[in-house]
Amino acid sequence: MSWLSPDSKFMQAWNNFTDAIIINLLMLVTSIPIVTIGAALSAGQTATRKMLIGQGHVTRNYFAAFKENFARATILWVVYLLFGAALVYSWIVLRITPLLIPKIALTILWVIGFEWVFALQARFENPPTRTMANAYIFGVTYFPATLALAAIDAVYFGLFVYLWFKLPQMLFLLVVLGYGSLLSLHVPIQEYVLRKYTGQPFSTHVQEDTWTVKKKPQ
């Protein structure tokens, strides 16, 4: 049957689905110390991008990227973790009406940066401060793409909260599929935006030797 052929669209989609689950599980395991979540997010970006173009082995790609991005991604993650924790505290504890607008503005600012910073860390060779600045430049300049990324995440976390309260027995399945699987939706959007800076149109037919792990911005 042609649809079971290794080159068929069905088998390619199935392989990508299983690889996405593997990436998610790798991200879960390597995120256990909490402080390594940034490196896991960057490695997940690289592994997903290479998975979608059929380049290399998913586990090998993931750990190579995890090691490469560890130092800078960890710095970025610590900044976003502390900023995020302060925002959560402000929403839960500081229920003061005059602070409502600043809290909304800072939350939006956090989301915009978060949607881009680890993708840029995985893709470009820059110091953390430059990567963070670029994340906001991309996030604002390409706001429709940022909105799409945030909407994907909002649906996932909304579903997580719903299952937590209504169908907790289904949470395991959602965790297995996980945030790592969402990168299969994130990466094509981000690569479409980044193509003019990388010089690499996102395609499943790009030759392997035309893709680099890192690229300096133009």
Side-chain angles (χ1 to χ4, degrees), residues 23 27 31 34-49 52 65-66 68-92 94 98-158 179-180 182-202 211-218:
I23 291 171
M27 290 179 67
S31 294
I34 305 299
V35 74
T36 58
I37 289 178
L41 288 168
S42 296
Q45 286 275 345
T46 298
T48 301
R49 188 179 78 246
L52 292 174
F66 185 89
E68 180 185 25
N69 290 288
F70 183 83
R72 291 178 178 178
T74 299
I75 293 172
L76 292 168
W77 167 244
V78 169
V79 172
Y80 276 88
L81 176 62
L82 295 177
F83 187 11
L87 283 173
V88 171
Y89 176 84
S90 71
W91 281 107
I92 295 176
L94 303 178
L99 292 179
L100 182 60
I101 293 178
K103 286 193 295 185
I104 293 174
L106 290 172
T107 300
I108 293 173
L109 189 68
W110 188 94
V111 171
I112 289 174
F114 182 81
E115 295 296 350
W116 285 99
V117 71
F118 297 106
L120 296 180
Q121 171 56 42
R123 207 68 175 85
F124 297 104
E125 192 70 46
N126 281 314
T129 51
R130 179 65 179 275
T131 299
M132 195 177 301
N134 286 343
Y136 288 101
I137 292 172
F138 276 94
V140 174
T141 304
Y142 300 98
F143 189 72
T146 304
L147 193 60
L149 296 171
I152 292 169
D153 291 345
V155 169
Y156 176 81
F157 286 107
Y179 187 79
L182 292 188
L183 293 179
S184 297
L185 302 177
H186 277 219
V187 168
I189 297 172
Q190 291 160 334
E191 287 297 313
Y192 180 80
V193 169
L194 295 175
R195 69 195 188 285
K196 66 172 67 175
Y197 304 94
T198 63
Q200 297 169 337
F202 190 69
W211 288 81
T212 55
V213 175
K214 290 278 189 176
K215 183 178 177 68
K216 294 190 181 216
Q218 304 296 321

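- Atom CZ of residue Arg49 and atom OG1 of residue Thr198 lie 8.5 Å apart, to the nearest 0.5 angstrom.
- Residues forming a side chain to side chain donor-acceptor pair (under 3.5 Å) with Glu115 (at least two apart in sequence, or on another chain): none.
- Separating the CG atom in Leu147 from the CD1 atom in Ile112 is a distance of 9.5 Å, to the nearest 0.5 Å.
- The list of salt bridge (charged side-chain N to carboxylate O under 4.0 Å, His left out) pairs with a residue in residues 69-84, not counting sequence neighbours, reads Arg72-Glu125.
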Note to self: Evaluate Thr46 against Glu68 for side-chain contact (heavy atoms from CB on, under 4.5 Å), listing each step before the verdict.
What the structure shows: CA-CA 11 Å; Thr46 298; Glu68 180 185 25; over 6 Å; no

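- A 4.5 Å side-chain heavy-atom check between Phe114 and Leu41 finds at least one atom pair inside the cut-off.
- Across all non-hydrogen atoms, the minimal contact from Phe118 to Gln45 is O-CG, 4.1 Å.
- For residues 138-152, no pair satisfies salt bridge (charged side-chain N to carboxylate O under 4.0 Å, His left out), with sequence neighbours left out.
- In this structure, the side chains of Ile101 and Ile104 stay at 4.5 Å or more apart for every pair of heavy atoms.
- Asn69 contributes atom CG, which lies 13.0 Å from atom OG1 of Thr36 (distance to the nearest 0.5 angstrom).
- Applying the side-chain hydrogen bond (donor to acceptor under 3.5 Å, both in side chains) test to residues at least two apart or on different chains, the pairs with a partner in residues 100-110 are Trp91-Thr107.
- Ile37 and Ser31 get closest at one heavy-atom pair: CG1-CB, 3.6 Å.
- With sequence neighbours excluded, the residues that form a ring pair (Phe, Tyr, Trp, His ring centres under 6.0 Å) with Trp116 are Phe138.
- With sequence neighbours excluded, the residues forming a side chain to side chain contact (heavy atoms under 4.5 Å, CB included) with Thr129 are Pro127, listed by chain and number.
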Next item on the list: Go through the steps for Asn126 and Leu120 under the test side-chain contact (heavy atoms from CB on, under 4.5 Å), then give the verdict.
Entry: CA-CA 9 Å; Asn126 281 314; Leu120 296 180; over 6 Å; no

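- When every heavy atom of Gly180 is checked against every heavy atom of Thr48, the shortest pair comes out as O-OG1, 4.4 Å.
- Residues passing the side chain to side chain donor-acceptor pair (under 3.5 Å) test with Tyr156: none are found, sequence neighbours excluded.
- How far OH of Tyr80 is from CZ of Phe83: 8.0 Å, rounded to the nearest 0.5 Å.
- For Phe157, the side chain to side chain contact (heavy atoms under 4.5 Å, CB included) criterion is met by Asp153, Tyr179, not counting sequence neighbours.
- Scanning all heavy atoms of the two residues, the minimum distance from Met132 to Val117 falls at CA-CG2, 4.2 Å.
- The structure places CG of Leu185 at 5.0 Å from CD1 of Ile152, a figure rounded to the nearest 0.5 Å.
- Pairing each heavy atom of Ala43 with each of Phe66, the nearest pair is CB-N, 3.5 Å.
- For the pair Leu52 and Pro188, the minimum side-chain heavy-atom distance is below 4.5 Å.
- Phe124 places none of its side-chain heavy atoms less than 4.5 Å from the side chain of Thr131.
- Interatomic distance, Leu106 CG to Leu99 CG, rounded to the nearest 0.5 Å: 10.0 Å.
- Applying the side chain to side chain contact (heavy atoms under 4.5 Å, CB included) test to Val78 and every residue at least two apart in sequence or in another chain returns Val35, Thr74, Leu82.
- Across Val111 and Ala150, no two heavy atoms sit closer than the pair CG1-CB, 4.1 Å.
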